[in-house]
Amino acid sequence: MRTIKVFLTITFVFSVTFSGNASIFKKISSSMNFHGEKYLKKAEAYYGENQYAKAIPFYLKFFDKNRKKKNIPADIYYHAAMSFMEENLPKDGYPFAEKAAAAKPDNLDFQVLKAEYLVSLKSVPDAIKLYQSIIREHPDDYLSYIRLGELLVGQGDLKDARKWWKKAIDLDPSRPDAYSRMSESYLKVEKNRLEAYYYARKLLNVVKADKKPEIQRMLDEMSGDMGRDYENYYQKQVCMTTAEELYKQAKFQKAFQVMNKCKDLPNLSGNYFLLFGKVCDEVGKFKDAAFAYERCLALGMEEGEICYRLGWSYLNSGQPEQARIAFQQALQFPDTKGKAQKMLDKLAK
């Protein structure tokens, strides 16, 4: 009995001592480097000082010490992968980037690092797929749209590249990256100076003040002695794109105000007048609408829908005879024949 009591007493004392000083065993473990704690501490210290070459061997020692351990924090894999990337050792660092990305599939930084490793390893198609996945998960990450476009250009897919850059512009029209790439692509690939000017002119509006002289010089070089013509083209494009977006949003009064400001610009297209006519109809400016549709026909846009719209605008602006002539024109086109006849029948009563 006495022996048992002594044993229980010793056990109790040991238990109390252990529970009261559990941290001491962690300290002992750390001091003895059981799990590579010293290696990790040095690696992280060097990483924090941007001394990646010095950090790498200590990360490797830590991972070797813990090669059977499955719950290593993803951040450690990420830091190791970053160190290898900074030292331009993608082949050696990729396994760590892959582990970090697998551990945290929703972490933007981890996924982007893996994608950039794939680029460095010449696996660009896989990088493109990963960036597409990143954008699905993080649709507000502007730079991923930019990078995806760059990779697509490298693969010869300029059309899709521009699609992603335009999405970047829609996402944040105040940032310069997408405008710069759009302008460069038109200038260098297709030698389309007008479109290059348009996006460079957009770029001028968003760059910081110290960058504006440089962009202005580039614009002057593009336009040469046709500066006024290029600027008019830019103003027309801005007018159209802004008005189209407002029209889609059913903001017809604002669309009218935008288009009305640029109606005196030279060489406006038939598409401008068609949109202007539609906008005018929506805000009850039927005389202006009729003028716009007349311009469409004069520019060779002889379509049934435009003739019908012209008749409708004439009718609503108190010009029934002119409306009758327009509906008779619409009667000649299969797509508007039926409704044009109905309007003519009403006018005959």
Side-chain angles (χ1 to χ4, degrees), residues 81-82 84-85 88-91 93-94 97-98 100-102 105-207 211 214-215 218-219 221-223 230 233-234 236-238 240-242 244-245 248 269 271:
M82 282 293 295
F84 279 104
M85 179 64 86
N88 196 27
L89 297 167
K91 187 175 180 181
Y94 179 70
E98 196 170 32
D106 59 342
N107 186 292
L108 175 61
D109 292 335
F110 290 12
Q111 300 305 316
V112 167
L113 180 60
K114 181 182 176 182
E116 287 306 307
Y117 260 101
L118 290 169
V119 174
S120 297
L121 293 169
K122 313 300 182 185
S123 297
V124 177
D126 291 328
I128 288 172
K129 289 178 182 178
L130 182 51
Y131 266 113
Q132 289 171 337
S133 175
I134 289 170
I135 287 172
R136 284 194 296 271
E137 294 297 320
H138 304 275
D140 295 331
D141 186 50
Y142 178 90
L143 291 178
S144 287
Y145 290 90
I146 300 300
R147 186 60 169 143
L148 178 55
E150 291 173 342
L151 295 176
L152 287 165
V153 167
Q155 297 294 99
D157 192 351
L158 181 58
K159 182 179 179 181
D160 274 352
R162 285 179 180 157
K163 180 188 76 173
W164 291 109
W165 290 335
K166 286 179 180 178
K167 286 181 180 292
I169 291 171
D170 292 339
L171 180 65
D172 191 347
S174 69
R175 298 181 69 168
D177 311 75
Y179 296 126
S180 176
R181 284 156 180 79
M182 288 291 287
S183 178
E184 185 178 12
S185 73
Y186 277 110
L187 187 62
K188 293 186 177 180
V189 179
E190 299 168 354
K191 312 300 181 185
N192 186 333
R193 301 171 78 85
L194 276 175
E195 286 300 312
Y197 183 95
Y198 171 77
Y199 285 103
R201 183 67 172 74
K202 284 276 191 179
L203 179 63
L204 180 68
N205 292 338
V206 299
V207 294
K211 294 288 185 182
E214 177 187 348
I215 304 302
M218 182 171 68
L219 287 165
E221 288 177 7
M222 285 184 199
S223 58
Y230 274 65
Y233 176 80
Y234 167 74
K236 286 185 285 187
Q237 290 293 91
V238 169
M240 281 295 292
T241 54
T242 304
E244 283 170 351
E245 188 60 31
K248 288 177 185 177
S269 68
N271 287 332

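Just so you know, these numbers use all the heavy atoms, side chains as well, and skip hydrogens, waters and symmetry mates. The residues of the chain are indexed from 1 along the displayed sequence.
- For Trp164 (side chain) and Ile146 (main-chain N/O), no donor-acceptor pair under 3.5 Å exists by modelled atom type.
- Between Leu108 atom CG and Ile134 atom CD1 the span is 6.5 Å, to the nearest 0.5 Å.
- A distance of 7.5 Å separates CD of Glu184 from CH2 of Trp165, quoted to the nearest 0.5 Å.
- Taking every heavy atom of both residues into account, Ala168 and Tyr145 meet most closely at CB-CB, 3.8 Å.
- For the residue pair Leu151 and Ala127, the shortest heavy atom distance occurs at CD1-CB, 4.2 Å.
- Judged by distance alone, the side chain of Tyr179 and the main-chain N or O of Ile169 form no donor-acceptor pair under 3.5 Å.
- In the displayed structure, Lys211 atom NZ is contacted under 6.0 Å by at most 12 heavy atoms of other residues, nucleotides or ligands.
- Between Pro176 and Val207, the shortest heavy-atom distance links the atoms CB-CG1, 4.2 Å.
- In this structure, Lys163 and Lys167 have side chains that are in contact, with non-hydrogen atoms separated by less than 4.5 Å.
- Between the NZ atom of Lys202 and the CD1 atom of Ile215 there is a distance of 15.0 Å, given to the nearest 0.5 Å.
- Considering all non-hydrogen atoms of both residues, Ser183 and Ala200 come closest at OG-CB, 3.5 Å.
- Tyr117 places no side-chain N or O within donor-acceptor distance of the main-chain N or O of Glu98, the cut-off being under 3.5 Å.
- No donor-acceptor distance shorter than 3.5 angstrom exists from the side chain of Glu190 to the backbone of Ser185, with no hydrogens or angles considered.
- Judged by a 6.0 Å distance limit and a 45° cone about the ring axis, Arg193 is not positioned over the six-membered ring of Tyr233.
- With sequence neighbours left out, the ring-ring contact (aromatic ring centres under 6.0 Å, His included) criterion links Tyr198 to Tyr234.
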Might you work through the side-chain contact (heavy atoms from CB on, under 4.5 Å) test for Met218 and Glu214, ending with a clear yes or no?
CA-CA 6 Å; Met218 182 171 68; Glu214 177 187 348; over 6 Å; no
Might you work through the side-chain contact (heavy atoms from CB on, under 4.5 Å) test for Glu245 and Asp170, ending with a clear yes or no?
CA-CA 11 Å; Glu245 188 60 31; Asp170 292 339; over 6 Å; no
Check against side-chain contact (heavy atoms from CB on, under 4.5 Å), Asp157 and Lys159
CA-CA 6 Å; Asp157 192 351; Lys159 182 179 179 181; 4.1 Å; yes
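- Between Arg175 and Val206, the closest side-chain pair of non-hydrogen atoms is not below 4.5 Å.
- Within the model, atoms CG of Asn192 and OH of Tyr199 stand 10.5 Å from one another, a figure rounded to the nearest 0.5 Å.
- The stretch residues 130-140 participates, sequence neighbours left out, in these side-chain hydrogen bond (donor to acceptor under 3.5 Å, both in side chains) pairs: Glu116-Tyr131.
- Within a 6.0 Å radius of NZ in Lys236, more than 12 heavy atoms belonging to other residues, nucleotides or ligands are found.
- Side chains of Leu148 and Ile128 form a contact here, defined as non-hydrogen atoms less than 4.5 Å apart.
- In terms of heavy-atom proximity, Ser144 sits nearest to Val112 at OG-CG2, 4.3 Å.
- The minimum heavy-atom distance between Leu130 and Gln111, with the atom names listed, is CD2-O, 3.6 Å.
- Without hydrogens or angle criteria, Thr242 side chain to Val238 main chain gives a donor-acceptor distance under 3.5 Å.
- Between Thr241 atom OG1 and Lys166 atom NZ the span is 10.5 Å, to the nearest 0.5 Å.
- Between Glu150 and Arg147 there is a salt bridge, since a side-chain N of the basic residue sits under 4.0 Å from a carboxylate O of the acidic one.
- Between the OH atom in Tyr94 and the OG atom in Ser123 there is a gap of 7.5 Å [rounded to 0.5 Å].
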